[in-house]
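Side chains are part of it too, since the values below use all heavy atoms of this structure and drop only hydrogens, waters and symmetry mates. Quick caveat, the model's predicted, so the values are computed rather than measured.
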Amino acid sequence: MGGWAIAVHGGAGVDPNLPPERQDQAKQLLTRCLNLGISALRSSLSAIDVVELVVRELESDPLFNSGRGSALTEKGTVEMEASIMDGPGRRCGAVSGLTTVKNPVSLARLVMEKSPHSYLAFSGAEEFAKQHGAEVVDNQYFITEDSVGMLKLAKEANTIMFDYRIPIVGLESCSAVVDSPLLMNGLPIGVYAPETVGCVVVDSQGRCAAATSTGGLMNKMTGRIGDSPLIGAGTYACDLCGVSCTGEGEAIIRGTLARDVAALMEYKGLGLQEAVDYVINERLDQGKAGLIAVSRNGEVAYGFNSVGMFRGCATEDGFMEVGIWE
């Protein structure tokens, strides 16, 4: 056992002209979440408890695209999704299409622990939330001024947008106004930046866990489901490692990114960082994404092929890092 380790992310693909104050806000939030997780791990909370705790904190802050501050659908509503996985026994839970559940990651855990299923969506997930006392709020709670402004911009550009965290004031200096620099499945994407939050943890007992939560894509079709709630794509944990992904959901789904990290370790004997590097470099088929990972030996790793990724990590031996760029 190498001791505990934790990593968090707030999305892969960062606008290179994102104002410094926004970068500082992101780093402060990631640092706060890391410290929350570190304190919990020092108090001997299990890995599964810590990933839920940290992702709840990320969902409650409007800075990133999950919970409050989620991206808006083409109809101006919020449809959130999340998943959680406990390495021991590979237990998992996932939810999609949530419109009123305040903390989707906690409902995903309830699905894992209180239902005979692994995945519930839309009205079924909402009904399950009510039956089990999950906190619910009006859909307006999740909608912020920033997200409304970015939806307007997306509609004017007739495109899907990843980044809605670029402030409306000063847009002329940001990449949001360029002509569709990227494509996804052949369709133009206006911007590629923060979307999805996640946390991976290995505790002092060597137990790994992972959780991922998102509001999806700005101006997405209603009913669209990305990689975040898909076990093996956006989230995976087993006795070897825990992985959470972020980025171009459709590419992550095609590459089964999270499971591939574990498979390379299990079948090829690769180390954690080796496995992460291989997956990022060889499995994305021109897609843009990133991921964070921990191993049962207390290692922490991350990788991305986008402009940047909001991320932070810490280990029991005192190492701590928060960053955005390469």
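In summary, the side chains of Ser228 and Thr214 do not present any donor paired with an acceptor at a separation below 3.5 Å, with no hydrogens or angles considered. Side chains of Glu126 and Thr100: a donor-acceptor N/O pair is present below 3.5 angstrom, by distance only. When only modelled atom types and interatomic distance are considered, Glu59 and Ser66 share no side-chain donor-acceptor pair under 3.5 Å. Using a 3.5 Å distance cut-off with no hydrogens or angles, the side chains of Ser83 and Tyr119 do not pair a donor with an acceptor. Asn219 and Glu74 share no donor-acceptor pair across their side chains, judged by distance under 3.5 Å alone. Side-chain contact check for Thr212 and Thr235: at least one donor-acceptor pair (N or O, by modelled atom type) lies under 3.5 Å. Using modelled atom types, one finds a donor on one side chain and an acceptor on the other under 3.5 Å when comparing Ser106 with Glu52. In this model, a donor atom of one side chain and an acceptor atom of the other lie less than 3.5 Å apart for Gln273 and Asp277. Side chains of Asp317 and Thr315: a donor-acceptor N/O pair is present below 3.5 angstrom, by distance only.
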Yes or no on side chain to side chain contact (heavy atoms under 4.5 Å, CB included) for Arg207 and Ser46, after CA distance, side-chain angles and deciding distance?
CA-CA 8 Å; Arg207 297 171 298 199; Ser46 67; 3.7 Å; yes
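Note on Leu270: it clusters hydrophobically with Leu257, by side-chain heavy-atom contacts below 4.5 Å among ILVMFWY residues. Cluster annotation: Leu291 is not connected to Leu58 through the hydrophobic network of ILVMFWY side chains, with a link wherever side-chain heavy atoms come within less than 4.5 Å. No single ILVMFWY cluster, assembled from side-chain heavy atoms under 4.5 Å apart, contains both Phe122 and Leu98. In the hydrophobic clustering of this structure, Val101 groups with Ile143; members are Ile, Leu, Val, Met, Phe, Trp, Tyr whose side-chain heavy atoms approach within less than 4.5 Å, directly or through other members. Transitive grouping of hydrophobic side chains (ILVMFWY, heavy atoms separated by less than 4.5 Å) brings Val78 and Val95 into a common cluster.
Contact between Tyr141 and Arg68 at its shortest, heavy atoms only, is O-CG, 3.4 Å. The two residues Asn103 and Ser60 have their closest heavy-atom pair at ND2-OG, 3.7 Å. When all heavy atoms of Phe142 and Thr99 are compared, the closest pair comes out as CE1-O, 3.4 Å.
Counting heavy atoms from C-beta on, the side chains of Arg32 and Leu29 come closer than 4.5 Å. Put simply, the side chain of Glu274 does not reach to within 4.5 Å of the side chain of Leu264, judged on heavy atoms. Between Gln286 and Glu248, the closest side-chain pair of non-hydrogen atoms is not below 4.5 Å. Between Val105 and Arg56 there is a side-chain heavy-atom pair separated by less than 4.5 Å. With a 4.5 Å cut-off on side-chain heavy atoms, Val294 and Trp4 do not count as touching. Side-chain contact between Gln23 and Trp325 is present, with at least one heavy-atom pair separated by less than 4.5 Å. For the pair Met320/Leu34, a side-chain contact is recorded, criterion being any heavy-atom separation below 4.5 Å from C-beta on. Contact check for Val148 versus Lys152: no side-chain heavy atoms found under the 4.5 Å cut-off.
Salt bridge Arg109/Asp49: present, at least one basic N to carboxylate O contact under 4.0 Å.
Of the possible polar contacts, one joining the Glu79 side chain to the Gly223 backbone as a donor-acceptor pair under 3.5 Å is found. Distance alone, capped at 3.5 Å, is enough to place a donor-acceptor pair between the Ser147 side chain and the Thr144 backbone.
Residues passing the side-chain contact (heavy atoms from CB on, under 4.5 Å) test with Val51, sequence neighbours excluded: Ile48, Ile84, Cys199, Val201, Ala209, Ala211.
Rounded to the nearest 0.5 angstrom, Met309 CE and Ile292 CD1 are separated by 7.0 Å. Once rounded to the nearest 0.5 Å, the distance linking CG of Leu41 with OG of Ser204 reads 7.5 Å. Here Leu63 contributes atom CG and Arg22 contributes atom CZ; the two are 7.0 Å apart, rounded to the nearest 0.5 Å.
Ring geometry, Phe304 versus Tyr302: the interplanar angle falls under 30°, so the pair is classed parallel (tilted spans 30 to 60°).
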